[in-house]
Amino acid sequence: MEGPQDLGGKMGFGPISPEPETEEPLFHAAWEPRVLGVTLCCGALGYWSLDGMRHARESLPPATYLSASYYQIWAYALENMLIANGELSEEELRLGRMRAPGRAQSKKLPAAKVPTVLRTGGPTLRETGAEPGFAVGDRVRTRNMHPDGHTRLPSYARDKTGTITARHGCHVLPDSNAHGRGEQPEWLYTVNFDGRTLWGDDGDPNVTVSIDAWESYLDHAE
Amino acid sequence: MTARVRALETILVEKGLVDPAAVDAIVETYESRVGPQNGARVVAKAWVDPDYRAWLEEDATAAINSLDISGRQAEHMNAVFNTPETHNVVVCTLCSCYPWAVLGLPPVWYKSPPYRSRVVMKPREVLAEFGLVLPAETTIRVWDSTSEQRYLVVPMRPAGADHMSEDELAALVTRNSMIGTGLPKTPGAV
């Protein structure tokens, strides 16, 4: 989806102005760590995948997304996902109080399980037995695609020719997993493009950009 | 935002969906246990141990896991090595993918539109804004983390650090040097 999240190559956001590394706090407001923790806890309820939550964030209105801080984006998307899955109502949010008990209480993440959950994460590698369609060194062209739903092929890297530089095995396909259509794992590749291919004469000849692309994003090229 | 988030957490706790102690445990993990010190151990080991460096190149996930570093947002790791000719830098243009278990939670600039939009198109300019001015002949490789593959930049060992121990070397490794927007500290600067 070409939502506000698809930022590669967009202009007008100004300079970086990074805070010095030694001075930057981990959180910039007391509510930020709560959003982080509550979001991870709600992930355990089983209503959505990481891909689904990413889609919820990129589905925020562009004006909202671009004017919100990182953890605001998380909070808004979490509210929307809880509402969409029937675990929260607009009225409850307005009142700041529960009107009906939760339905997925049995899946609540207990504090004791947090270390294990964080250490395990959510590996996406899957054994499928599928033969890879491409080899390292192959020239490929990314597809010119504009899906309504979630995809991890950034718009700046569509319809461009590059070279496969790594193969990562078969991984969960976000394009289907984000929408509850199953994992549908596919071969995943690193594709390397040179700067001039992506940006024309405005590109730096001594720059390359790599993306990781699933097999269905790619066609063979000369 | 404070009231809105407090209300959300209160409702979810009342509903029996969120354990506030679990929220505390998650926050505590990233505030005090997981951070760039993990990645610094990996880099320092790669500097002193050629076998480890080769393992990191071949299977970064296993090599990193061997140091008891694993988990969320670092399930599938790749190490990319700076050389005199090539500098690596990492971004996620689509969200803010970052190897949490190895580097901790990302800094604000990493998650912000200015960095995500520009570093794929004008990396040399962006790096200069971090104070890292690279010669025009240095090749810059930008890694856009578009899947669950996560990238760790292994910077070059600084000059004058030949006789330092692994722990001393780890203290030279900055977070930004492992993203690619900086270089390690020089021995005299510690």
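In what follows, every chain begins at residue 1, and chains take the letters A, B, ... in the order their sequences are listed. These figures come from a predicted structure and were not determined experimentally.
- Only the side chain of Y65(A) comes within contact range of chain B, with at least one heavy atom under 4.5 Å from a heavy atom of that chain.
- Both the backbone and the side chain of A21(B) come within contact range of chain A, with heavy atoms under 4.5 Å apart.
- Residue T86(B): no heavy atom, backbone or side chain, is found under 4.5 Å from chain A.
- At a threshold of 4.5 Å between non-hydrogen side-chain atoms, the residues C95(B) and R54(A) count as touching.
- In plain terms, the two heavy atoms of L109(A) and D19(B) that are nearest each other are O-CB, 3.5 Å.
- Side-chain contact check for L118(A) versus V34(B): every heavy-atom pair is 4.5 Å or farther apart.
- Top candidate by heavy-atom pairs under 4.5 Å with chain A, chosen from R116(B), Q73(B), H87(B), is R116(B).
- Side chains of E148(B) and H171(A): a donor-acceptor N/O pair is absent below 3.5 angstrom, by distance only.
- For the pair Y70(A)/S96(B), a side-chain contact is recorded, criterion being any heavy-atom separation below 4.5 Å from C-beta on.
- At least one side-chain heavy atom of E79(A) sits under 4.5 Å from a side-chain heavy atom of R4(B).
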Applying side chain to side chain contact (heavy atoms under 4.5 Å, CB included), run through D212(A) and S145(B) and close with a yes or a no. CA-CA 7 Å; D212(A) 294 321; S145(B) 318; 5.7 Å; no

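- Contacts between V5(B) and chain A at a heavy-atom distance below 4.5 Å involve the side chain alone, from C-beta outward.
- Looking at T190(A), only its side chain comes within 4.5 Å of chain B, counting heavy atoms on both sides.
- For a residue to count as touching a neighbouring chain, one of its non-hydrogen atoms must lie under 4.5 Å from one of that chain's; by this rule Q72(A) touches chain B with backbone and side chain alike.
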Candidate pair R124(B) and D204(A), rule salt bridge (charged side-chain N to carboxylate O under 4.0 Å, His left out), full reasoning: CA-CA 9 Å; R124(B) 219 174 289 272; D204(A) 184 328; 2.8 Å; yes

Let me see the working for L94(B) and D6(A) under side chain to side chain contact (heavy atoms under 4.5 Å, CB included), right down to the final yes or no. CA-CA 5 Å; L94(B) 294 176; D6(A) 189 358; 3.6 Å; yes

Step by step, work out the salt bridge (charged side-chain N to carboxylate O under 4.0 Å, His left out) result for D68(B) and R119(A). CA-CA 10 Å; D68(B) 202 26; R119(A) 288 183 63 84; 2.8 Å; yes

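- Neither the backbone nor the side chain of R57(A) comes within contact range of chain B, judged by heavy atoms closer than 4.5 Å.
- F13(A) and P114(B) make their closest contact through O-CG, 3.3 Å (heavy atoms, listed as atom of the first residue, atom of the second, distance).
- Contact annotation: the side chain of S210(A) never approaches that of V142(B) to less than 4.5 Å [non-hydrogen atoms, C-beta and beyond].
- Contacts of T2(B) with chain A are made by both backbone and side-chain atoms, with heavy-atom separations under 4.5 Å.
- Of the listed residues (E9(B), E137(B), K111(B)), the one with the most heavy-atom contacts under 4.5 Å to chain A is K111(B).
- At least one side-chain heavy atom of E87(A) sits less than 4.5 Å from a side-chain heavy atom of L17(B).
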